[in-house]
Amino acid sequence: MSFLAVVLGVALLAYAADQFVLGAARVALLVKVPALVVGVVIVGFGTSAPELLVSLSAVRSGEPAIAVGNILGSNAANLSLLLGLGALLCPIVVESRTVRREAPIAVAAMVAVAVAVQGGVSRLEGVALLAAMAAALYLVTRRDRAAAVDALDEEVEEFAGPGHRLGVEVVRTVIGLIGTLAGAELLLRGAVDIARDVGLSEAFIGVTLVAVGTSLPELVTVIQSARRNEADLIVGNLLGSNLFNSLAAGGAIGVVHPFALDAPSLTVVAAVAGVIVGLLVWAMMRTGHRVSRAEGFTLIAVYVVLVPLLA
């Protein structure tokens, strides 16, 4: 039953969160929210909703290791496994100035949450992370005066598609959110039961099984964007997701339920590994603003090597 709960939770997360993101993006565009803001905020936050919901539910249930493992594991998976897959599916050439500006901010956010989780997250640290989230959003969405149009604008419009009705998309968004909540709870409960039955630590289950499960919406967006050759949306989505994971989810769990944590596999190995992966991707993007197919293989290999170290 626990395995079935995980499978159903993952499947529901993948579909419901995708519908939530799609519906929210369409609603935002229909009410004239700038496409750039939709690409950075709506898509990034929407695909990160499972991480936020699962982590909040975990700390409230007294399972902080799963909450932190989910955040740190998702960050590492997004910029290694998922970005690597995206580079294999289509050429990753970043033209958007916004996405280029987002990269160092996302890496800084990953450093901030890595520092915050040492020994646990206090309410003050949670508030600081949320404040940093607000500042990061301002910096990322601030449009350069010299560039009236950003490359991300067109890709967001293509992602949402034409000809939609507001009422239909509102319903899609609400149902998608409800489905995401249900999927997150199924995944969490099943994963906790499996950890206890098999004898694995909750930290390991959180940083691997739960983290990859909550990253499925990002995977769906990567695949959809790769089919349309929307490289800026692929990278922007993954960087935005890590930004929200680190600052919004990391801050929320500290504010809602401050906790202590003694799990070196998370606070040392997973936290440092995530920062290293972020720096590696940033370095790749600075060499011609691209992630090549060979670099994509490298990122996937990094994730494969990383997982056993988290046990």
Side-chain angles (χ1 to χ4, degrees), residues 48 51-52 54-56 58-59 61-84 104-126 128-129 132-133 188 191-192 195-196 198-215 238-239 241-255 257-283 298-311:
S48 295
E51 285 90 342
L52 174 63
V54 167
S55 292
L56 281 174
V59 293
S61 301
E63 293 143 353
I66 287 184
V68 173
N70 177 39
I71 292 171
L72 299 179
S74 293
N75 282 349
N78 284 347
L79 293 187
S80 55
L81 184 63
L82 271 61
L83 183 58
I105 296 174
V107 173
M110 293 168 69
V111 172
V113 77
V115 172
V117 298
Q118 302 303 313
V121 181
S122 68
R123 182 162 283 117
L124 180 60
E125 288 172 326
L129 289 174
M133 180 76 255
L188 176 62
V192 170
R196 290 171 179 167
V198 179
L200 296 172
S201 70
E202 292 184 355
F204 181 71
I205 288 291
V207 82
T208 53
L209 176 61
V210 176
V212 172
T214 56
S215 288
L238 295 176
L239 290 174
S241 178
N242 278 22
L243 188 63
F244 279 99
N245 289 347
S246 301
L247 301 182
I253 60 176
V255 170
H257 198 289
F259 58 89
L261 182 65
D262 181 17
S265 64
L266 293 180
T267 57
V268 178
V269 181
V272 172
V275 172
I276 291 174
V277 170
L279 291 171
L280 178 61
V281 169
W282 186 21
T298 300
L299 289 172
I300 293 174
V302 166
Y303 186 76
V304 172
V305 171
L306 173 62
V307 169
L309 300 178
L310 300 172

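- Using a 4.5 Å heavy-atom threshold, the side chains of Phe259 and Ile253 count as touching.
- The heavy-atom pair separating Gly69 from Ala211 by the smallest distance is O-CB, 4.1 Å.
- Minimum heavy-atom separation, Leu238 to Asn78: CD1-O, 3.5 Å.
- For the residue pair Leu261 and Val68, the shortest heavy atom distance occurs at CD2-CG2, 3.8 Å.
- Interatomic distance, CG of Asp262 versus OG1 of Thr267, reported as 7.5 Å (0.5 Å rounding).
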| request: Decide yes or no on side-chain contact (heavy atoms from CB on, under 4.5 Å) for Leu243 and Met133, but give the supporting numbers first. | output: CA-CA 8 Å; Leu243 188 63; Met133 180 76 255; 3.8 Å; yes
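- Looking only at side-chain heavy atoms (C-beta outward), Leu81 and Leu299 stay at 4.5 Å or farther from each other.
- The minimum heavy-atom distance between Ala252 and Leu52, with the atom names listed, is CB-CD1, 3.8 Å.
- Here Ile66 contributes atom CD1 and Ser61 contributes atom OG; the two are 9.0 Å apart, rounded to the nearest 0.5 Å.
- Remark: of the listed residues Ile205, Val192, Ile71, Ile205 is the sole one forming a side chain to side chain contact (heavy atoms under 4.5 Å, CB included) with Val210.
- Put simply, CG on Asn70 and CD on Glu63 are 12.0 Å apart, with the number rounded to the nearest 0.5 Å.
- Of the possible polar contacts, none joining the Arg123 side chain to the Gly254 backbone as a donor-acceptor pair under 3.5 Å is found.
- Counting heavy atoms from C-beta outward, Leu79 and Leu239 have side chains that approach closer than 4.5 Å.
- Between Thr214 and the choices Ser74, Ser48, Ser55, the side chain to side chain contact (heavy atoms under 4.5 Å, CB included) rule is met once, by Ser74.
- Nearest heavy-atom pair, Leu209 versus Ala191, reported as atom, atom and distance to 0.1 Å: CD2-CB, 4.2 Å.
- The heavy-atom pair separating Glu51 from Ser215 by the smallest distance is OE2-OG, 3.7 Å.
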